[in-house]
Amino acid sequence: MTGNEIRKSFVDFFKSKEHKHFESASLIPDDKSLLLTVAGMVPFKPFFLGEKEAPFKRITTYQKCIRTNDLENVGRTPRHHTFFEMLGNFSFGDYFKKEAIEWSWEYITKVLKLEEDRLWVSVYKTDDEAYEIWNKEIGVPAERIVRLGEEDNWWAAGPVGSCGPCSEIYYDTQNMGKNNEEADRKPGDDGDRFLEIWNLVFTEWNRLEDGSLVPLPEKNIDTGAGLERIASVVQNKDNNFDTDLFTNITKGIKSVLEIQGNENEEAIKIIADHVRASVFLIGDGVLPSNEGRGYILRKIIRRAFGAGSAAKQKVFEKEDIFLYKLVPYVLETMNEAYPELAEKQEYIEKVIRLEEERFATTLKNGTEMLEEEIQKLKGENQKELPAELTFKLYDTFGFPFELTKLILENQGFEASEEEFEKKLAEQVQRSKDSRTTISDMIKDEFIDEFFEKHGKTEFTGYLQNYEEKSKLLHIAKSEGISGYEMIFDKTPFYAESGGQVADTGIITSGEFEGKVVNVVKKHDVFIHQVEIIRGIAPAVGVEVKMQIDVNRRKDIQRNHTATHILHKVLRENLGTHVEQSGSLVDDEKLRFDFSHYEAISPEMIEKIEKGVNDIILSNLQVKINYENIEDAKARGAMALFSDKYGDIVRVVEIDGYSIELCGGTHVKSTGEIGLFNIESENGIASGTRRITATTGHKSLNYVNRLEEKIKEISDIFRTDEKNVVDIIEKYIGDMRAAVKVHEEMQTKLVKYEINEMLENVETVNGVKVLKRSFVDKNVDELKEIVDRGKEKMQSGIVILGTNNNGKAVFVVGVTKDLISKVKAGEIVKVAAQVAGGNGGGRPDFAQAGGKNGSAVKEAVEKAFEFVTEKL
Ligand code: SER
């Protein structure tokens with residue numbers, strides 16, 4: 001069976017057991033506590049915890065997953081991966097242990113046709129129920145069932161939350177080890193003989209923060225079987241990388257890197273694993289960066305690049321980049337299961353290529369550092385590069401140890417692999433310690449209690465409903481904020497969410513008037529922050545009139561609908577890799593962050609702006625519907641939040657143009673938005689761009705302000721708006737001409753000054769000597785005087801000094817015929833020394849300085865005396 005056939009057979013098998021097949025969710029989970037989708041159950045977390053009702057009681061998936069906690073081991077073992085696929089079946093309050101066990105056995109023995117004698121199982125040490133099912137009903141002999149403890153047979157997605165005992169199915173590879181040392185081993189013991197191929201979790205507990213276990217409202221099943229492992233067993237390979245899931249990719253690596261034979265096994269595994277992970281991460285919208293998921297992507301691309309470099313025994317440069325060439329091989333293998341990747345091929349290749357190029361530059365810097373260190377070793381007569389440095393090269397520059405070692409050895413130096421491994425192990429431990437785990441949202445006990453008693457706040461503020469008569473259910477004076485926190489039975493005030501800010505407005509009741517300054521939502525309970533304008537705060541039970549600031553709300557709505565249009569226009573113009581990564585919508589502006597790898601040209605910005613305005617001017621209707629997510633997706637809805645699976649979702653549709661899942665408030669038709677104006681476009685992180693824009697009144701204000709400015713400018717130039725540009729251009733032309741005249745005048749002035757000076761030169765032994773001291777004279781001007789003086793005198797000496805802001809500067813010139821008698825360098829030295837400085841220079845021209853500007857006059861005199869003596 002091929003990998004594709006295994007996936008299909010699994011899904012078909014569970015479909016025949018009345019499971020609904022869900023497509024693989026994104027690798028980016030909609031769960032802030034989790035960086036990546038690490039297991040098949042992640043998209044269903046809310047169903048396990050009972051936070052949401054599952055749309056189907058039985059679901060099956062093959063889920064793309066990434067785990068990076070063992071990154072350093074990938075390539076070194078037959079089974080470690082970052083990217084892998086998990087086959088799973090899930091029951092939400094439906095079947096439990098018996099069916100889960102029976103079906104897993106049926107699939108493995110009847111569909112995959114694995115030999116029963118080679119299958120072992122483990123159960124949690126006290127789980128007699130599972131033990132009995134395996135032993136009595138399935139018929140697995142007691143000697144092939146082991147009872148294991150928490151470490152092996154208790155599965156939890158994190159320290160708190162849903163969890164339960166699990167039961168694992170193992171395949172006996174019959175690999176007894178080199179000296180038969182694994183002959184007596186069992187699952188759970190050390191060694192590679194037993195391969196865990198399927199984990200059945202009986203999720204029935206919720207672990208609370210104090211460590212105690214409480215039963216979940218329903219008993220659930222979560223199973224996970226690694227596709228790569230199953231394939232290795234079915235295809236009879238003792239290495240996951242030898243299965244057909246990898247053969248095509250491996251072939252690609254060998255051909256692209258021109259590697260022959262069976263060498264470089266580790267590098268090939270690293271590259272094969274990492275290129276798969278990179279393709280899928282980029283396909284799901286991740287871009288290389290220095291934090292979070294982007295950092296993981298950067299790290300694996302670089303590690304793969306380094307592995308290629310080490311395999312070829314050459315520090316790869318820009319012209320050696322190769323990873324991006326492997327993308328087609330990955331797609332060929334994965335196309336059947338993930339057809340959506342094909343659309344993004346070009347984009348994925350581009351992102352990988354750019355990162356490779358960037359890294360090639362880094363490697364170059366690393367090589368330089370290594371060269372410096374080698375020089376140091378030479379100087380200190382050392383042979384071995386310390387492990388701190390080999391590790392730094394690895395960690396900072398991505399140099400594989402083998403590559404460092406190779407460069408060192410080529411020059412007669414060495415590095416200790418053992419020490420390097422030690423550093424690496426420390427690093428692995430550090431990253432394990434800081435591993436992200438799923439943790440429940442911080443519990444707000446009060447809100448939970450409140451919710452139990454009153455349920456959620458009814459939001460009546462959609463659909464132009466701006467006023468409400470509501471009953472006050474809770475009021476408290478809270479610390480840290482001014483005024484009161486109030487909760488009502490219903491409210492027209494939108495609470496901050498999905499990037500849209502909260503409404504503000506007024507609450508009145510009899511003599512009381514309060515200003516609502518913010519509204520937040522917790523567990524669908526709306527908490528209003530109210531400042532008192534007059535009267536006394538009302539008591540619980542009182543009816544109040546709530547009115548939102550309608551104009552402000554309308555401005556917010558304009559910006560929100562414009563954001564949807566912008567999102568679509570960006571995708572149309574830049575490509576479908578554009579995905580929203582953040583959004584802020586208030587009454588002043590909209591701010592939209594999205595994935596894109598380069599700055600957008602001014603022409604493109606203009607095109608995007610025009611695209612949005614065209615949709616606005618078409619005055620399309622905005623329709624709000626509640627529908628099943630599958631239907632919405634089928635209609636092309638942009639679904640950003642994967643956990644809305646199967647729920648009834650709110651769909652905002654700009655008629656015939658865009659469909660998005662969204663809880664925000666919107667205009668009725670796009671014409672209401674008015675003028676859309678992009679204020680700025682810039683990068684906020686590697687691979688993430690930000691556009692800010694305005695609509696409606698704000699854009700109008702902007703245009704008005706522009707008009708005022710132009711009028712002001714026109715007034716200054718005493719013209720009208722039509723002619724202002726021509727007039728300014730003329731002014732600039734005139735100004736340039738005036739500057740030129742000024743410069744010419746300046747030159748003439750210097751000449752005149754020099755002439756005047758030359759009339760007053762002294763003669764020493766028949767030689768003309770010009771000496772002068774100035775205050776605040778430009779040094780270039782002094783040089784000019786020296787040059788022209790020498791030219792005019794034909795034979796003579798010029799000694800000049802100036803006191804510029806308390807500092808002395810001297811410039812001296814001697815015509816060539818006199819330098820045998822006295823040199824400019826000597827003269828300037830005498831002057832400079834008087835002013836607390838020193839200096840020298842050429843025989844015919846020299847310049848020097850001194851600290852003491854007030855000594856310039858005296859210095860020039862001393863230099864003159866020196867000249868007199870010499871002549
Ligand atoms: N959640 C379990 C695991 O990841 C079973 O799917 O192993």
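Note that the structure is a prediction, hence the values are computed from the model and not measured. First listed ligand is number 1; within each ligand, the first listed atom is number 1.
- In this structure, R147 does not pair ionically with D127, as no charged nitrogen and carboxylate oxygen lie closer than 4.0 Å.
- Residues forming a side chain to side chain donor-acceptor pair (under 3.5 Å) with Q235 (at least two apart in sequence, or on another chain): D244.
- When only modelled atom types and interatomic distance are considered, E168 and Y170 share a side-chain donor-acceptor pair under 3.5 Å.
- Residue pairs satisfying the salt bridge (Lys or Arg N to Asp or Glu O under 4.0 Å) criterion with at least one member in residues 275-287, sequence neighbours excluded, are listed as follows: K64-D284, E228-R276.
- R185 is linked by a side chain to side chain donor-acceptor pair (under 3.5 Å) to nothing, counting only residues two or more places apart in sequence or in another chain.
- Sorted by chain and number, the residues within 4.0 Å of ligand 1 by heavy atom are A39, M41, R67, M86, W155, N199, V201, D222, T223, G224.
- The two residues D172 and Q174 have their closest heavy-atom pair at OD1-N, 2.8 Å.
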